[in-house]
Amino acid sequence: MQAEHSAGEGALFMKCDNCNKNATVHLTEIKAGKKIEKHLCEQCAAANEGLPVKSHMPINELLTNFVMQHSGMQKEVGTSCEQCGITWAEFRQSGLLGCPNDYQVFEKDLMPLLQRAHENMSHHVGKVPARRGNSGVPMKRQVDLTRLRKELAKAVEAEDYERAAKLRDQIRQAEGG
Amino acid sequence: MKLSDLTNHAGEWLRGSGPMSEIVISSRIRLARNIAGFPFLGRCSRQQRQALEQKARETILNAQIASELLYVDLEAAPEIDRQLLVERHLISKPHAAAEGARGVAIAENETISIMVNEEDHLRIQALRSGLQLEEAWEQITKVDDKIESTLDYAFHPRFGYLTACPTNVGTGIRVSVMLHLPALKLTGEIEKVFRAAKDMRLAVRGLYGEGTEATGDFYQISNQTTLGKTEEEIISDFKHVVIPKIIEYEQHARKALRDDRTVQLDDKVGRAVGILRSARLIASEETLLLLSHLRMGLHLGRVKDVDIRTLNELFLLTQPAHLQKIQGRKLEGDVRRAARADYIRSRLSAS
């Protein structure tokens with residue numbers, strides 16, 4: 001297919017190969033060593049070439065999608081751990097997780113990564129903390145402790161010593177339980 | 001026990017004894033552990049970091065790990081002391097260079113060290129000379145149990161011990177064996193070892209771990225998989241499969257050098273002895289390389305009048321921080337290189 005266009009007319013003002021609308025999608029295909037150019041409007045491109053074209057995509061969304069596709073991320077950028085606040089993107093940047101709770105929050109995304117790093121293994125079979133037997137330390141309590149300690153840090157910073165004292169009691173209780 | 005007590009002798013791992021010590025310098029096992037209820041260190045506030053350090057320090061001091069235990073506050077320690085601990089393999093380079101509340105506990109004649117607030121809250125290490133992985137595991141798992149008896153570790157039934165970096169999760173174990181492979185280096189066959197190690201999912205590093213060059217023909221081989229295998233399986237692979245293969249390679253290369261390239265071998269060894277006994281200025285890199293050749297010559301019977309113990313000590317005591325501690329003053333540039341050359345000459349002529 002050869003697009004017809006008169007001299008002096010730039011690509012921006014090309015007409016669609018199928019209808020008379022302005023062509024905004026320009027494709028170049030190499031078939032059997034021959035270069036084929038196609039100029040289509042959005043509707044025809046979506047219908048004929050199976051290309052989902054969304055008009056006026058904001059540049060930041062475009063970039064985000066691009067980065068996400070290339071780093072194998074499926075999660076929305078906004079998802080963050082409610083305990084430590086880390087996002088998946090932040091983890092990918094540093095390679096380090098923020099807190100033990102992240103293993104649950106990002107479990108789905110972590111799985112392929114863990115399997116790549118550990119010869120396709122995904123379950124711990126080694127040593128288990130003796131004191132807690134086979135069940136291990138309950139995650140919930142660990143999560144509670146993280147939250148309490150965070151609140152304590154805030155209270156100390158705000159010089160709210162009454163609240164800090166209460167939180168310390170709660171931490172002691174949670175640690176002992 | 002004080003830090004200064006360590007200076008004048010080599011650490012246990014450089015004793016030059018233990019099984020296979022001609023080729024295996026040391027066996028090291030490290031366990032990464034985090035304390036439940038705290039974020040990992042990257043997400044800790046200054047206050048949380050301090051609270052962690054205090055909690056870890058108290059636990060370690062009260063855990064009755066050993067009759068004698070030295071705890072070094074690394075935030076307060078001068079740079080030279082931190083460098084000394086790196087040279088003795090008791091702390092990592094990043095731990096020495098980091099900032100904020102952190103420390104290290106040292107026990108059992110330096111065979112045990114526990115880094116506090118490194119990449120994980122706790123990094124427990126057992127370090128022994130020669131090929132002694134099972135002994136190191138027996139020792140470290142006991143220390144781990146003692147700490148765990150009063151401290152909740154971050155642990156998940158499926159993922160095991162939770163670590164800041166997911167590449168350490170599960171057992172949190174890193175088994176490293178430090179090997180002296182001068183013959184494989186000289187014959188150029190060392191590349192084969194690297195390739196085989198890569199195929200077996202093992203990492204090869206230099207003398208001071210991650211990101212360091214293999215100076216003086218020392219190579220550290222360590223596991224990378226920490227999830228889905230038991231600690232015993234990982235250790236057994238090393239002891240029965242990986243390490244014997246590499247030892248065999250090196251022995252073969254040494255024999256080939258001795259039998260087929262005697263003149264070249266004697267030339268290398270002779271030059272090493274000559275320079276070490278007569279140099280007036282010498283840098284630490286060159287020292288390591290020459291000591292390495294001398295060590296090989298000694299084990300192949302090409303040199304007779306050098307004591308192996310002295311030689312092993314020189315590997316450590318000629319390092320910058322040790323040299324300055326022995327001399328009792330700060331040394332730089334040519335003054336340091338002159339002091340190193342003097343020290344080597346005095347030790348090698350006396351034996």
Side-chain angles (χ1 to χ4, degrees), chain A residues 81 83-86 90-91 94-104 106-107 109-111 113-132 134-139 141-150 152-157 171 174-177, chain B residues 31 33-52 55 119-120 137 141 144-173 200-201 223-234:
Chain A
C81 169
Q83 294 298 316
C84 69
I86 200 169
E90 283 174 306
F91 159 66
S94 70
L96 297 175
L97 291 164
C99 76
N101 191 46
D102 297 345
Y103 280 95
Q104 287 191 324
F106 303 117
E107 185 172 343
D109 295 294
L110 274 171
M111 281 323 296
L113 208 141
L114 286 174
Q115 286 175 341
R116 253 200 320 278
H118 303 286
E119 301 175 58
N120 285 326
M121 305 286 194
S122 58
H123 280 81
H124 175 59
V125 293
K127 191 176 174 177
V128 168
R131 199 152 52 97
R132 293 284 157 177
N134 284 323
S135 65
V137 178
M139 271 309 264
R141 224 182 78 214
Q142 296 189 20
V143 168
D144 286 348
L145 273 167
T146 309
R147 181 181 49 80
L148 287 170
R149 288 210 175 93
K150 209 159 104 185
L152 173 64
K154 263 191 218 155
V156 170
E157 208 166 303
I171 288 170
E175 280 179 335
Chain B
L31 298 174
R33 298 289 188 252
N34 286 279
I35 301 170
F38 282 92
F40 296 136
L41 285 153
R43 289 259 152 185
C44 273
S45 65
R46 210 168 63 92
Q47 197 229 358
Q48 282 173 319
R49 204 184 157 94
Q50 281 168 350
L52 262 170
K55 197 180 174 68
E119 184 179 290
D120 294 295
W137 169 244
T141 192
D144 184 43
D145 288 344
K146 280 183 183 161
I147 295 173
E148 193 258 324
S149 71
T150 54
L151 208 60
D152 274 356
Y153 283 148
F155 184 86
H156 186 279
R158 173 168 185 190
F159 295 123
Y161 294 93
L162 303 178
T163 51
C165 183
T167 56
N168 295 320
V169 81
T171 51
I173 200 172
M200 286 187 276
R201 295 281 215 144
N223 68 301
Q224 289 183 298
T225 301
T226 57
L227 186 67
K229 285 185 186 179
T230 65
E231 292 84 352
E232 285 85 359
E233 281 172 327
I234 294 171

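All chains are named by letter (A, B, ...) in the order of the sequence lines, taking the proteins before the strands, and each is independently numbered beginning at 1. Since this is a predicted model, take the numbers as computed values, not measurements.
Neither the backbone nor the side chain of S94(A) comes within contact range of chain B; no heavy atom of the residue lies under 4.5 Å from a heavy atom of that chain. Proximity to chain A involves both the backbone and the side chain of D145(B), based on heavy atoms less than 4.5 angstrom apart. Heavy-atom distances place no part of E232(B) under 4.5 Å from chain A, backbone and side chain included. Only the side chain of L110(A) comes within less than 4.5 Å of a heavy atom of chain B; its backbone N, CA, C and O stay farther away. Interface remark: Q47(B) contributes side-chain atoms only to the contact with chain A (heavy atom separation under 4.5 Å). Only the side chain of R201(B) comes within contact range of chain A, with heavy atoms under 4.5 Å apart.
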Check your understanding: Are R158(B) and S122(A) close enough, and set up right, to give a side-chain contact (heavy atoms from CB on, under 4.5 Å), and what steps lead you there?
Key -> CA-CA 8 Å; R158(B) 173 168 185 190; S122(A) 58; 3.5 Å; yes
Check your understanding: Taking it one step at a time, do Q104(A) and H156(B) satisfy side-chain contact (heavy atoms from CB on, under 4.5 Å)?
Key -> CA-CA 9 Å; Q104(A) 287 191 324; H156(B) 186 279; 3.9 Å; yes
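The 12-atom threshold is not exceeded at NZ of K154(A), counting heavy atoms of other residues, nucleotides or ligands nearer than 6.0 Å. Heavy atoms of other residues, nucleotides or ligands lying less than 6.0 angstrom from CD of E157(A) number 12 at most.
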Table please: side-chain donor-acceptor pairs of residues 162-171 of chain B below 3.5 Å, with sequence neighbours left out.
unit_1, atom_1, unit_2, atom_2, d
T163(B), OG1, C165(B), O, 2.8
T163(B), OG1, V169(B), N, 3.1
T171(B), OG1, I173(B), N, 3.3
T171(B), OG1, T226(B), O, 2.8

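Using cut-offs of 30° and 60° for the angle between ring planes, the F159(B) and Y103(A) rings count as tilted.
At distances below 3.5 Å, at least one donor-acceptor pair connects side-chain atoms of E231(B) with backbone N or O atoms of K127(A).
Using a 4.5 Å cut-off on side-chain heavy atoms (C-beta onward), R43(B) and Q83(A) make no contact. Looking at heavy atoms from C-beta onward, F38(B) lies out of side-chain contact with P100(A) at the 4.5 angstrom threshold.
The candidate with the highest count of non-hydrogen atom pairs below 4.5 Å against chain A, out of T225(B), L227(B), T230(B), is L227(B). The greatest number of non-hydrogen atom pairs below 4.5 Å with chain B, out of H123(A), Q115(A), M121(A), is found for H123(A).
Closest heavy-atom contact between V128(A) and F155(B): CG2-CZ, 3.8 Å.
With rounding to the nearest 0.5 Å, the separation of NZ in K229(B) from NE2 in H118(A) is 11.0 Å.
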